[in-house]
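Contents: one structure, followed by commentary.
A note on names: the letters A, B, ... follow the listed sequences, proteins ahead of strands, and every chain is numbered from 1.
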2 protein chains.
Amino acid sequence: MPKINALETGSSEQRNSLNHQAIEDYLKTIYMLAMEETPVTTSRIAEARDVKPGSVTSMIQRLAKLHLVNYEKHYGVTLTDAGTKVALEVIRHHRLIELFLIEALGFTWDEVHEQADILEHVISEKLEERIAAALNYPQFDPHGNPIPSREGVMHSVEAEPLSALAAGVRARIAYVLNDENSEMLRYLAELGLTPGAVLEIKQVAPFAGPLTVEIEKESRVIGHTIASAVMVTREPADEPVAP
Amino acid sequence: MPKINALETGSSEQRNSLNHQAIEDYLKTIYMLAMEETPVTTSRIAEARDVKPGSVTSMIQRLAKLHLVNYEKHYGVTLTDAGTKVALEVIRHHRLIELFLIEALGFTWDEVHEQADILEHVISEKLEERIAAALNYPQFDPHGNPIPSREGVMHSVEAEPLSALAAGVRARIAYVLNDENSEMLRYLAELGLTPGAVLEIKQVAPFAGPLTVEIEKESRVIGHTIASAVMVTREPADEPVAP
DNA sequence: CTCATATTTTAGGTACTCCAAAAATAGCAT
DNA sequence: ATGCTATTTTTGGAGTACCTAAAATATGAG
């Protein structure tokens, strides 16, 4: 049967695979948090991973010893190149798997996050490659997020939250935040707010109030929370009808 | 990100999911070994799992406490109903995954075992179901082994090793043993010795010598080791040509 | 009954976690 | 700028889930 331990228990030899579930998860978490905001502090990691700060500190120290993060006491962590590479590989796995579950197995976009969070750590290079091939080497995951390349390059998309737009603007949905929130995803799908959809802002209520948008010829009212989670790029104004 | 621990660390509450990697692997190992031969001893498990006997004893004691095995010191283990159910579920996962990797992702039958050994522990019920559906609820895995039903029923196939047949007999390959031996699988595929193939014994050399068989109109000489790993059912003699 | 062998026990190690106390930093009033 | 409190971070001790190595013990063959 299996040999799971990537870094052989008890052996001091550090195989080229630094691929422990927990290690990968920490690196991924750090990567994601750094994208949001820097510095990445112990407590932010603890909250994201749902463990106590003490656990985070000791893991960080371990990661530092493995040269996966740079660590200065009390001042947060940053990923080293090696750490970034691992994080991006895990993210690549995650996003490919999400897409595969939807495209090949009929899952919906609100169902795939959990399963991908587990599978991302256990697929072989070969399986990753086969999945990518089956999906025709996709660039984006089902939530509109870019999929890092095998070499560890991720092209980020310039986008702004839907909530930042003014009335009259047309925009295309690039991606959605909070892709782990199934309920929100289901609601968004219901409203037609999925990546690629084009909409026009009709009305913006002040004081973080609801937006009224037109999408697929339907008028929809959207709360501010939701609108902040939907990232869009601006589109040229409505098609100029022949004069 | 994820919550992996099925039985919450530190909590004494025993969730209904007894699904730890290691536990599942032990149960599966015990199931498989029991199929081969009984009793299932500590040392057989240790060898199969490639750990030391001491580790096996302590795991067995843990499994006994969880009512997954019946254990009497020095006399080997048997699975309880609960233990059998877990083992069969894992085997179901394994075999479905093997088939899926081949059918949906273009793997060959010698490449899938390792990956399936890992994935078998981490697919959700829903994913299992989607995979089964995508494969049209298959009955057999790529090596000819029966896939247990979702309810935990496995129909075993009556078959005998190819090495047990006498010259002149026709037989159909049911399944192959040692499905973790990639090299042997590759060799078998090359010879056309895959489940479903029909062959006729032409010659049997004595003293565990090689067999000569005709398969797909080709004559092949097969060593005794290989012939012992190929399980067959007898077929009626050659098609009776119209008189 | 004795001895080789298999099994179990004991002690100790790594990976991860938690909790609680100690230490360091940061925020703020003066 | 200084000093005090609030917050964050680190440390230390302990627990579970594995594992190994080696000592102790039970079994069955002769």
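Under the side-chain hydrogen bond (donor to acceptor under 3.5 Å, both in side chains) criterion, B:T41 pairs with B:S43, sequence neighbours left out. Taking B:E160 as the reference, B:R234 meet the salt bridge (charged side-chain N to carboxylate O under 4.0 Å, His left out) condition, with sequence neighbours excluded. Residues satisfying the side-chain hydrogen bond (donor to acceptor under 3.5 Å, both in side chains) criterion with B:N178, sequence neighbours excluded, are absent altogether. Not counting sequence neighbours, the partners of B:F140 by the side-chain contact (heavy atoms from CB on, under 4.5 Å) test are B:P146, B:V157. Under the salt bridge (charged side-chain N to carboxylate O under 4.0 Å, His left out) criterion, A:D141 pairs with A:R95, not counting sequence neighbours. Applying the salt bridge (charged side-chain N to carboxylate O under 4.0 Å, His left out) test to B:E158 and every residue at least two apart in sequence or in another chain returns nothing.
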Verdict with supporting geometry, B:H20 and B:E24, side-chain hydrogen bond (donor to acceptor under 3.5 Å, both in side chains): CA-CA 6 Å; B:H20 274 294; B:E24 291 184 353; over 6 Å; no

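Between the CD1 atom of A:I60 and the P atom of C:dT17 there is a distance of 12 Å, rounded to whole Å. Taking atom CD1 of A:I23 as the reference point, atom C1' of C:dT14 lies 12 Å away to the nearest angstrom. A:H20 has its NE2 atom 14 Å from the C1' atom of D:dA17, to the nearest Å. Distance, A:M59 CE to D:dT10 C1': 16 Å, rounded to whole Å. For B:E72 and C:dT8, the CD to P distance is 11 Å, given to the nearest whole Å. Straight-line distance from the CG atom of A:L63 to the C1' atom of C:dA15: 12 Å, rounded to whole Å.
Comparing C:dT8, C:dT17, D:dT20 against the side chain of B:T57 picks out C:dT8 as the nearest. Considering only side-chain atoms of B:P53, the nucleotide from C:dT8, D:dT9, D:dT20 that sits closest is C:dT8. When each of C:dT17, D:dA21, C:dT7 is scored by its nearest atom to the side-chain atoms of B:K52, the top-ranked nucleotide is D:dA21.
Of the residues in residues 35-46 of chain B, not one comes within less than 4.0 Å of DNA chain D through any heavy atom.
For residues 222-231 of chain A, the set of pairs meeting the salt bridge (Lys or Arg N to Asp or Glu O under 4.0 Å) definition, not counting sequence neighbours, is empty. Applying the salt bridge (Lys or Arg N to Asp or Glu O under 4.0 Å) test to every pair with at least one member in residues 30-41 of chain B, sequence neighbours left out, gives these pairs: B:E36-B:R44.
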I'd like a list of close polar pairs between nucleotides 5-7 of chain D and the protein, N/O only, cut-off under 3.5 Å.
none

Pairs: protein N or O with nucleotides 22-27 of chain D N or O, under 3.5 Å:
none

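With 3.5 Å as the limit, one finds no donor-acceptor pair spanning the side chains of A:N70 and A:T80.
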Identify all side-chain donor-acceptor contacts of residues 125-135 of chain A below 3.5 Å with residues at least two apart in sequence or on another chain.
{"from": "A:K126", "atom 1": "NZ", "to": "B:E111", "atom 2": "OE2", "distance (Å)": "2.9"}
{"from": "A:E128", "atom 1": "OE1", "to": "A:H93", "atom 2": "NE2", "distance (Å)": "2.7"}
{"from": "A:E128", "atom 1": "OE2", "to": "A:R92", "atom 2": "NE", "distance (Å)": "2.5"}
{"from": "A:E128", "atom 1": "OE2", "to": "A:R92", "atom 2": "NH2", "distance (Å)": "3.2"}
{"from": "A:E129", "atom 1": "OE1", "to": "A:R150", "atom 2": "NH2", "distance (Å)": "3.2"}
{"from": "A:E129", "atom 1": "OE2", "to": "A:Y137", "atom 2": "OH", "distance (Å)": "2.6"}
{"from": "A:R130", "atom 1": "NH1", "to": "B:L105", "atom 2": "O", "distance (Å)": "3.2"}
{"from": "A:R130", "atom 1": "NH1", "to": "B:G106", "atom 2": "O", "distance (Å)": "2.7"}

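At D:dT11, one or more side-chain N or O atoms of A:Q61 fall inside 4.0 Å of OP1 or OP2 (strictly under the cut-off). Residue B:Y71 places at least one side-chain N or O closer than 4.0 Å to OP1 or OP2 of C:dT8.
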